[in-house]
Amino acid sequence: SEAEISKNFLVELGIKESDIILENKSKTTYENAVNCAEILKTEKLVRPVVVTSAIHINRATGSFEKAKIDAIYSASDYVYNDFMGMESFFPSGENIDHSRQSLWEYIGIVYYKISKKMK
(Lines give C-alpha, C1' and ligand atoms only; values in the text may rest on other atoms or scores of the structure.)
Protein backbone atom coordinates (compact mmCIF):
# COMPACT_ATOMS: atom_id res chain seq x y z
CA SER A 1 0.00 0.00 0.00
CA GLU A 2 1.01 3.63 -0.36
CA ALA A 3 1.00 3.87 3.44
CA GLU A 4 3.58 1.07 3.74
CA ILE A 5 5.78 2.59 1.04
CA SER A 6 5.63 5.98 2.78
CA LYS A 7 6.39 4.39 6.15
CA ASN A 8 9.43 2.59 4.75
CA PHE A 9 10.66 5.83 3.21
CA LEU A 10 10.27 7.70 6.51
CA VAL A 11 12.13 4.95 8.37
CA GLU A 12 14.96 5.20 5.81
CA LEU A 13 15.08 8.95 6.54
CA GLY A 14 15.60 8.20 10.24
CA ILE A 15 12.07 8.50 11.65
CA LYS A 16 11.46 5.97 14.40
CA GLU A 17 8.93 3.34 13.33
CA SER A 18 7.18 3.77 16.69
CA ASP A 19 6.49 7.43 15.77
CA ILE A 20 4.63 6.49 12.58
CA ILE A 21 0.88 5.87 12.58
CA LEU A 22 -0.41 4.17 9.44
CA GLU A 23 -3.80 4.66 7.86
CA ASN A 24 -3.91 1.84 5.35
CA LYS A 25 -7.61 0.95 5.20
CA SER A 26 -8.86 3.64 2.82
CA LYS A 27 -9.40 3.15 -0.88
CA THR A 28 -10.22 6.78 -1.72
CA THR A 29 -9.09 10.25 -0.73
CA TYR A 30 -12.35 10.85 1.12
CA GLU A 31 -12.04 7.56 3.07
CA ASN A 32 -8.46 8.54 3.92
CA ALA A 33 -9.66 11.88 5.31
CA VAL A 34 -12.41 10.26 7.41
CA ASN A 35 -10.04 7.57 8.74
CA CYS A 36 -7.36 10.17 9.52
CA ALA A 37 -9.91 12.26 11.42
CA GLU A 38 -10.62 9.25 13.64
CA ILE A 39 -6.90 8.59 14.20
CA LEU A 40 -6.29 12.24 15.08
CA LYS A 41 -9.15 12.15 17.59
CA THR A 42 -8.05 8.85 19.13
CA GLU A 43 -4.41 9.88 19.41
CA LYS A 44 -5.32 13.43 20.53
CA LEU A 45 -3.29 14.94 17.68
CA VAL A 46 -3.93 18.31 16.08
CA ARG A 47 -2.80 20.18 12.98
CA PRO A 48 -1.42 17.40 10.77
CA VAL A 49 0.55 18.03 7.59
CA VAL A 50 -1.07 16.55 4.50
CA VAL A 51 1.42 15.93 1.69
CA THR A 52 0.15 14.92 -1.73
CA SER A 53 0.93 15.51 -5.36
CA ALA A 54 0.31 18.99 -6.73
CA ILE A 55 -2.27 17.68 -9.16
CA HIS A 56 -4.22 16.07 -6.28
CA ILE A 57 -3.98 18.87 -3.68
CA ASN A 58 -7.39 20.40 -4.49
CA ARG A 59 -9.35 17.18 -3.93
CA ALA A 60 -7.29 16.24 -0.87
CA THR A 61 -7.77 19.66 0.71
CA GLY A 62 -11.51 19.56 0.07
CA SER A 63 -11.85 16.05 1.52
CA PHE A 64 -9.84 16.79 4.66
CA GLU A 65 -11.75 20.02 5.24
CA LYS A 66 -15.01 18.09 4.80
CA ALA A 67 -13.76 15.69 7.51
CA LYS A 68 -13.20 18.76 9.73
CA ILE A 69 -9.42 18.38 9.84
CA ASP A 70 -7.48 21.59 10.39
CA ALA A 71 -4.35 20.68 8.44
CA ILE A 72 -1.35 22.22 6.78
CA TYR A 73 -1.26 21.23 3.12
CA SER A 74 1.90 20.64 1.13
CA ALA A 75 1.96 19.83 -2.58
CA SER A 76 4.79 17.85 -4.13
CA ASP A 77 5.94 16.72 -7.59
CA TYR A 78 4.91 19.75 -9.60
CA VAL A 79 5.10 19.29 -13.36
CA TYR A 80 7.15 22.06 -14.92
CA ASN A 81 9.12 22.45 -18.12
CA ASP A 82 10.75 25.73 -19.05
CA PHE A 83 12.19 24.46 -22.33
CA MET A 84 10.14 25.17 -25.43
CA GLY A 85 11.80 23.41 -28.37
CA MET A 86 10.42 22.06 -31.63
CA GLU A 87 9.51 18.75 -29.96
CA SER A 88 7.18 20.67 -27.61
CA PHE A 89 4.67 20.83 -30.46
CA PHE A 90 4.43 17.05 -30.93
CA PRO A 91 2.64 14.53 -28.71
CA SER A 92 4.76 12.60 -26.25
CA GLY A 93 3.95 9.74 -23.94
CA GLU A 94 4.80 11.90 -20.93
CA ASN A 95 2.43 14.68 -21.96
CA ILE A 96 -0.34 12.20 -22.75
CA ASP A 97 0.09 10.77 -19.26
CA HIS A 98 -0.04 14.27 -17.72
CA SER A 99 -3.27 14.89 -19.64
CA ARG A 100 -4.69 11.58 -18.35
CA GLN A 101 -3.81 12.50 -14.76
CA SER A 102 -5.37 15.94 -15.13
CA LEU A 103 -8.57 14.52 -16.61
CA TRP A 104 -8.76 11.95 -13.79
CA GLU A 105 -8.45 14.71 -11.17
CA TYR A 106 -11.02 16.98 -12.83
CA ILE A 107 -13.52 14.13 -13.04
CA GLY A 108 -12.70 13.23 -9.42
CA ILE A 109 -13.29 16.80 -8.26
CA VAL A 110 -16.65 16.97 -10.04
CA TYR A 111 -17.68 13.59 -8.57
CA TYR A 112 -16.53 14.58 -5.05
CA LYS A 113 -18.42 17.89 -5.21
CA ILE A 114 -21.61 16.21 -6.46
CA SER A 115 -21.39 13.47 -3.83
CA LYS A 116 -20.46 16.04 -1.13
CA LYS A 117 -17.16 14.32 -0.30
CA MET A 118 -15.34 17.63 -0.38
CA LYS A 119 -16.02 21.22 0.60
Side-chain angles (χ1 to χ4, degrees):
S1 73
E2 286 182 33
E4 286 289 334
I5 292 167
S6 297
K7 180 191 92 170
N8 293 338
F9 179 70
L10 291 171
V11 169
E12 285 178 25
L13 288 175
I15 306 296
K16 288 188 268 176
E17 196 167 343
S18 60
D19 289 340
I20 300 171
I21 302 169
L22 285 186
E23 190 293 290
N24 57 1
K25 294 183 175 115
S26 61
K27 302 248 188 280
T28 68
T29 303
Y30 178 72
E31 288 177 6
N32 181 240
V34 170
N35 293 343
C36 283
E38 188 59 38
I39 290 170
L40 292 166
K41 182 179 171 185
T42 301
E43 299 292 328
K44 296 183 172 90
L45 299 170
V46 295
R47 200 79 165 138
V49 177
V50 175
V51 181
T52 190
S53 64
I55 199 165
H56 185 64
I57 195 77
N58 189 328
R59 191 155 44 120
T61 301
S63 294
F64 277 74
E65 287 176 353
K66 179 75 174 180
K68 296 183 175 30
I69 296 174
D70 180 27
I72 298 167
Y73 298 94
S74 179
S76 65
D77 73 347
Y78 287 89
V79 175
Y80 174 74
N81 184 357
D82 63 350
F83 177 72
M84 196 75 169
M86 195 61 178
E87 66 275 0
S88 300
F89 297 97
F90 297 99
S92 72
E94 183 180 22
N95 289 337
I96 290 169
D97 187 51
H98 290 161
S99 297
R100 179 197 57 78
Q101 290 175 21
S102 296
L103 184 59
W104 177 263
E105 275 307 310
Y106 290 131
I107 291 169
I109 288 168
V110 169
Y111 170 73
Y112 269 43
K113 286 193 179 209
I114 290 170
S115 62
K116 299 190 184 332
K117 292 183 178 181
M118 68 182 283
K119 264 192 160 181

Evaluate the side-chain proximity of [Y] to [X]: yes if any heavy-atom separation is below 4.5 Å, no if none is.
{"X": "C36", "Y": "I69", "answer": "yes"}
{"X": "M118", "Y": "K113", "answer": "yes"}
{"X": "I21", "Y": "L45", "answer": "yes"}
{"X": "I55", "Y": "S102", "answer": "yes"}

Using modelled atom types and a 3.5 Å cut-off, is there a donor and acceptor pairing between side-chain atoms of [X] and backbone atoms of [Y]?
{"X": "N32", "Y": "T28", "answer": "no"}
{"X": "E105", "Y": "Q101", "answer": "no"}
{"X": "E23", "Y": "K25", "answer": "yes"}

Self-check item: Intermediate values then yes/no, side chain to side chain contact (heavy atoms under 4.5 Å, CB included), D19 and L10
Solution: CA-CA 10 Å; D19 289 340; L10 291 171; over 6 Å; no
Exercise. Examine the side chains of S92 and N95 and answer whether a donor and an acceptor come within less than 3.5 Å of each other.
Key: yes
State, to 0.1 Å, how close [X] and [Y] come at their nearest heavy-atom pair, and which atoms those are.
{"X": "T29", "Y": "Y112", "answer": "N-OH, 3.3 Å"}
{"X": "S53", "Y": "D77", "answer": "CB-OD1, 2.9 Å"}
{"X": "S63", "Y": "A33", "answer": "O-CB, 3.5 Å"}

Practice problem: Could you go through the side chain to side chain contact (heavy atoms under 4.5 Å, CB included) check for D70 and V46 one step at a time? | Solution: CA-CA 7 Å; D70 180 27; V46 295; over 6 Å; no
Measure the spacing between [atom1] of [X] and [atom2] of [Y] and express it to the nearest 0.5 Å.
{"X": "Y30", "Y": "Y111", "atom1": "OH", "atom2": "OH", "answer": "10.5 Å"}
{"X": "Y73", "Y": "N58", "atom1": "OH", "atom2": "CG", "answer": "11.0 Å"}
{"X": "W104", "Y": "D97", "atom1": "CH2", "atom2": "CG", "answer": "13.0 Å"}
{"X": "R59", "Y": "I109", "atom1": "CZ", "atom2": "CD1", "answer": "7.0 Å"}
{"X": "S1", "Y": "N24", "atom1": "OG", "atom2": "CG", "answer": "5.0 Å"}
{"X": "I39", "Y": "K41", "atom1": "CD1", "atom2": "NZ", "answer": "13.0 Å"}

Self-check item: Carboxylate-amine/guanidinium contact E17 K7, below 4.0 Å
Solution: yes
Quiz item: Should the heavy atoms of other residues, nucleotides or ligands under 6.0 Å from CD of E2 be counted, would the total exceed 12?
Solution: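 Atom CD in E2 is not packed in, count stays at 12 or less.
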Quiz item: Cluster question for you: counting only ILVMFWY and a side-chain heavy-atom cut-off of under 4.5 Å, with indirect links fine, are L40 and V34 together?
Solution: no
